[in-house]
There are 4 protein chains.
Amino acid sequence: MARTADPHRRQSILDAAHSVFARKGYAATGIADVAGELGIGHGTVYRYFQNKRDVAAAVLDRALERIAAVVTAEDATATRSLAEYRAQVERIGHRLYELFAADRALGRLVFHDLGAVDDDLRERLHAAHETFAEYTAAYLRNGVAKGFLRADLDVDTTARVVNGMIFEGAAQVTRTDDPRPLRDRWIRAVVALMFDGIAQHGELGRSEHGPG
Amino acid sequence: MARTADPHRRQSILDAAHSVFARKGYAATGIADVAGELGIGHGTVYRYFQNKRDVAAAVLDRALERIAAVVTAEDATATRSLAEYRAQVERIGHRLYELFAADRALGRLVFHDLGAVDDDLRERLHAAHETFAEYTAAYLRNGVAKGFLRADLDVDTTARVVNGMIFEGAAQVTRTDDPRPLRDRWIRAVVALMFDGIAQHGELGRSEHGPG
Amino acid sequence: MARTADPHRRQSILDAAHSVFARKGYAATGIADVAGELGIGHGTVYRYFQNKRDVAAAVLDRALERIAAVVTAEDATATRSLAEYRAQVERIGHRLYELFAADRALGRLVFHDLGAVDDDLRERLHAAHETFAEYTAAYLRNGVAKGFLRADLDVDTTARVVNGMIFEGAAQVTRTDDPRPLRDRWIRAVVALMFDGIAQHGELGRSEHGPG
Amino acid sequence: MARTADPHRRQSILDAAHSVFARKGYAATGIADVAGELGIGHGTVYRYFQNKRDVAAAVLDRALERIAAVVTAEDATATRSLAEYRAQVERIGHRLYELFAADRALGRLVFHDLGAVDDDLRERLHAAHETFAEYTAAYLRNGVAKGFLRADLDVDTTARVVNGMIFEGAAQVTRTDDPRPLRDRWIRAVVALMFDGIAQHGELGRSEHGPG
DNA sequence: TATGAATGAGTATTCATTCAT
DNA sequence: GATGAATGAATACTCATTCAT
């Protein structure tokens, strides 16, 4: 079986797998590579995990938890004004950007490798997307309730749209060699789009398909 | 390289691979599965493609071309007003949504499986991201030049932000069982965010970190 | 079936196979390589030969015939003196050496590749060895009968020993980059060994195990 | 490289490969055949050898070492007279004959199969030929120096000629069903040729091409 | 007669997993 | 607990051979 108590060693295996999976890709990584990274026998991995897929699942879960920790760090209902919400979005953006910049492997794992392992892991990624969308929706819903966001906002859909912007930033970090300089530009662009719009003041952009 | 010319057979192999890769995942798919889908001998696949990875590369390229065809269908410089640009974004959104809704496999391939095959294919995906960002940037640059978009817009970054929203919609389609009903909500949410903002009129959202 | 009349094309296929088999080795050579050398379709080869092994068999037979033509060029019973036999050995040595030097592929085929194809071809090689031994034995027997070779000569065994020397020369040609300069040294060494012995005159070399 | 140390298992794999390669031929032998001969899993072979070719190379090297052990067992410089050298040649002949008679596979491997595997193995065979020629040359050189062999002997070439005779005997053993009865005839024929010559006493065999 | 597209038998090789030590 | 030797399922790929054109 794969139940063992030493949590430190279990964590170190996940650390190694996180790094090696990101470096070589899940498929190209052998359990021996992970064990080799730690200098332990590869049989040992099987004392902590059922199988290779189980390692990947744990790596993914831990990665998603670290992302969730940032997303859920703020209190959605505490915000009382548009300015407060704007500041909140900036803070979350900062923290996410720093998270992905500090661990380049993170993005490779959640945006590329681990979603391709099997249906179950893809499902977990989707579920995480849903959860993150729920959180964003809570912020928006709070804003609508407090009156500083538009009353006719499609909260659920807009939450996903907003998350799309934010996670595109995270993906960008993963793709870019030296992502730090881009951080402030990125956050500023997201926040400006959300709160200032792209339109020049005085322009009218309603098309015939727009909301009535 | 492809050793043989018959483009019909080659296309049918790519069709089958597109479908089977999306259904089972690249790693879990054997060349025999692809050939079996067509009722041809698996050796035949090797008359048209060097190896399995080569099939995946061709599937990815074709998928990206189909997306690019939608993205590049509009003329960025033709737009003369905010209303025209808004209509353009709506049209592109429609077409992309329909593309991904009509072929559920497409999203699975470009958002999950084929980016995990190897470094080269991941690189091609990144390059496509860049290309798409260039296109969006051209729209924005045109708007700034014509004066209907904000003069201080960070065009390159905003282009990526906008693409993030749009492709999150495509990813959403891929995840959702019956995506059609969501189409108009999605497009409306994106367009509203870009052109109307989320703020209630009269609210002021400038934080201390915001621009100017 | 594999019976076709055009003997010229059949020969050209054998020429190509002779050359390609020697260059790449039998196992590493594909029928397509042989056909490609001639610029003909590889299906065509099967109109002249049953299969790949059949090509190898024909190549081997032709090679052995060319060797046999040299070996059998002289008349064993015509020799009347030791000097005549010595001259005969020199002539055969010259011709064999030239044969293998003119066609480096020949040695590779008969000494290496084609004997490893299967049991049947190895058997044909052995049979050729036997035939060649018969020829050499005929010379020796003639010499014993005519009285210029030792009466107690073990003709059959000595014939093989002599052939061993001669074919080692041929193998040497195959191994050496520029074999021509060695030709005369080689022939002189063989002839000297056979007719002059290696012993210094006056030395006695009979051991206790030697013939009584 | 060999990944594992257990020399016993490694040797047993070489033993099995030696036998199966000789029985079926290298090309027709699968790694599964070798493993099956030992009753081990075929994956196990890959713990001791990189690949099939690597097994063949090790089999060849070991075979050549066994032959070399016989060739190098005598001390070339110890011989002081023609009779001693003659005895030496007889001993080496005996040992080689016994070696090849005791292991019929040996000859098939070194004379047929393993030289056809690829260029590298053929090269190793050639190198072994050279080494063996060096040894024989050392004997001859010693004899010339000590004055019991002809002063005008072409030592290097004659060494190859002598080896040709000797290895033809070994090849003969490999081809013959019951080789033992031939052993003494063979050795006697070689030794007689070298030390007594084939000419009837009193005959003169100098041709016009012979040494002056 | 010549061709080469199609075929699929055959095999080397990898690596997740087990389990005796 | 830890190890790594042993295992064999799984599969990409080759190429001799066939046969419709």
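Just so you know, these numbers use all the heavy atoms, side chains as well, and skip hydrogens, waters and symmetry mates.
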Measure from [atom1] on [X] to [atom2] on [N] and round the result to the nearest Å.
X      : N       : atom1 : atom2 : answer
D6(B)  : dG4(E)  : CG    : P     : 15 Å
I31(B) : dT7(E)  : CD1   : P     : 14 Å
R47(C) : dC19(F) : CZ    : P     : 13 Å
Y46(D) : dG8(F)  : OH    : C1'   : 13 Å
F49(A) : dA2(F)  : CZ    : C1'   : 16 Å
L38(D) : dG8(F)  : CG    : C1'   : 16 Å
K52(B) : dT14(E) : NZ    : P     : 16 Å
Q50(D) : dT13(E) : CD    : C1'   : 12 Å

So do the side chains of [X] and [Y] get within less than 4.5 Å of each other, counting heavy atoms only?
X       : Y       : result
R122(B) : V117(B) : no
D118(C) : K24(D)  : no
L60(A)  : Y26(A)  : no

(request) Just compare dA5(E), dA5(F), dT17(E) and give me whichever is closest to any side-chain atom of N51(A). (result)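 Comparing dA5(E), dA5(F), dT17(E) against the side chain of N51(A), the answer is dT17(E).
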(message) Both T44(B) and G41(C) contact DNA chain E. Which one's nearest nucleotide lies toward the 5' end?
(response)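 Here G41(C) is the residue nearer the 5' end.
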(message) With nearest nucleotide decided by heavy atoms, which residue, R9(C) or A32(A), maps closer to the 5′ end of DNA chain E?
(response)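 The residue whose closest nucleotide sits nearer the 5' end is R9(C).
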(request) Return the 5'-most residue of the pair Y26(C), V45(D) with respect to DNA chain F, ranking by each residue's nearest nucleotide. (result)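 First, find each residue's nearest nucleotide; the 5'-ward one identifies V45(D).
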(request) Take I40(D) and G43(B), find for each the nucleotide of DNA chain F with the closest heavy atom, and name the residue whose nucleotide sits nearer the 5' end. (result)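 That would be I40(D).
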(request) Would you mind classifying the nucleic acid contact of R53(A) as base, sugar-phosphate or nothing, using non-hydrogen atoms under 4.0 angstrom? (result)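 Since no nucleic acid heavy atom lies under 4.0 Å of R53(A), the category is nothing.
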(message) For a quick check of understanding: with a heavy-atom distance under 4.0 Å over all strands, which category does G30(D) fall into, base, sugar-phosphate or nothing?
(response)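 The answer is sugar-phosphate, as G30(D) gets under 4.0 Å only of primed atoms, P, OP1 or OP2.
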(message) Only pairs with both distances under 3.5 Å count, Watson-Crick or wobble alike; so what is the partner of dT11(F) in this structure?
(response)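 Per the H-bond distance test, dA12(E).
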(message) Taking pairing as Watson-Crick or G-U wobble with both contacts under 3.5 Å, can you name the mate of dA20(F), or confirm there isn't one?
(response)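 Result: dT3(E).
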(request) Using the six-membered ring of Y46(C), assess whether NZ or CZ of K52(C) lies under 6.0 Å from its centre and within 45 degrees of the ring axis. (result)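 Pair K52(C)/Y46(C) does not count as cation-pi.
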(message) Any donor-acceptor pair, under 3.5 Å, between the side chain of H42(C) and the base of dA5(E), if you only look at N and O atoms?
(response)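 Flag set: donor-acceptor pair detected.
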(request) Determine, for R108(D) against D119(C), whether the closest basic-nitrogen to carboxylate-oxygen distance falls under 4.0 angstrom. (result)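 Salt bridge present between R108(D) and D119(C).
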